[in-house]
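Below is one structure; the comments refer to it alone.
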Amino acid sequence: MISHASVVPAQRSGDGVPEAAAVSAVERYKEVAALAGESVERMRDADRDRVRELLERLAASQDRMADLIEQEKLAQAGVRLLWEAAVDLLWEERWMRMSPVPDPDESVPPRDQRDYLIAMDVAYQALEDTSQKRGLLFRKGSA
């Protein structure tokens, strides 16, 4: 059960204390106003610290985004270069229809970008190795 006792200590309210020791309302107001002022300053300090922390996190996330955008552009350029190299390797194979660079396959499960770059390089290297074995990929009349 909640008590409805006064939040003002007995010595402040004058209960059980001689009349001379009671604090006047003006003095009490000044004390409460000072406490409120101190609280506001602590809150402002905490807010400044939080703003500083959030600005640092924002700057770090913007730097990360810029890095990721640059990484994406490099990956796209690498894909285009390898695709063009593959088209050049297979140019003599007229039976094979070559298209522009295909759109990304969004159904692929997310992994580290390096895994995809390595897989792309391995696939191109396998194509190059196969093209070196002219009898497997190229027709006899195209040599």
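Of the possible donor and acceptor atoms, one in the side chain of Trp83 sits under 3.5 Å from a partner among the backbone N and O of Ser99.
Note on Leu82: it clusters hydrophobically with Val101, by side-chain heavy-atom contacts below 4.5 Å among ILVMFWY residues. A chain of hydrophobic side-chain contacts below 4.5 Å, direct or via other Ile, Leu, Val, Met, Phe, Trp or Tyr residues, connects Val87 to Met120. Grouping the Ile, Leu, Val, Met, Phe, Trp and Tyr side chains by contacts below 4.5 angstrom, directly or via other members, places Trp91 with Leu89.
Note that the CG atom of Asp121 and the CD atom of Glu128 stand 10.5 Å from one another [nearest 0.5 Å]. For the atom pair CD (Glu72) and CD (Gln76), the distance works out to 4.5 Å, reported to the nearest 0.5 Å. Interatomic distance, CZ of Arg111 versus CD1 of Ile118, reported as 10.5 Å (0.5 Å rounding).
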| request: Could you please spell out the steps behind the salt bridge (Lys or Arg N to Asp or Glu O under 4.0 Å) verdict for Asp45 and Arg48? | output: CA-CA 5 Å; Asp45 288 343; Arg48 277 190 285 272; 2.5 Å; yes
| request: Starting from the C-alpha separation in whole Å, work towards a yes-or-no answer on side-chain contact (heavy atoms from CB on, under 4.5 Å) for Leu127 and Leu90. | output: CA-CA 9 Å; Leu127 176 65; Leu90 299 171; 4.1 Å; yes
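With respect to the salt-bridge test (charged N to carboxylate O, under 4.0 angstrom), the residues Asp47 and Arg44 do not qualify. The residues Arg52 and Asp49 are annotated as salt-bridged, a charged nitrogen and a carboxylate oxygen being separated by less than 4.0 angstrom. Salt bridge Lys73/Glu70: absent, no basic N to carboxylate O contact under 4.0 Å.
Annotation for Gln113 and Ala75: closest pair NE2-CB, 3.7 Å, computed over non-hydrogen atoms. Heavy atoms only, all atoms of each residue included: Tyr124 and Ala85 are closest at OH-CB, 3.3 Å. When all heavy atoms are compared, the tightest approach of Arg28 to Val23 is N-CG1, 3.9 Å.
Legend: residues meeting side chain to side chain donor-acceptor pair (under 3.5 Å) with Ser39, ordered by chain and number and at least two apart, are Arg42.
Surrounding CZ of Arg57 are at most 12 heavy atoms belonging to other residues, nucleotides or ligands under 6.0 Å away.
With hydrogens and angles left out, the side-chain atoms of Gln125 and Asp129 include a donor and acceptor closer than 3.5 Å.
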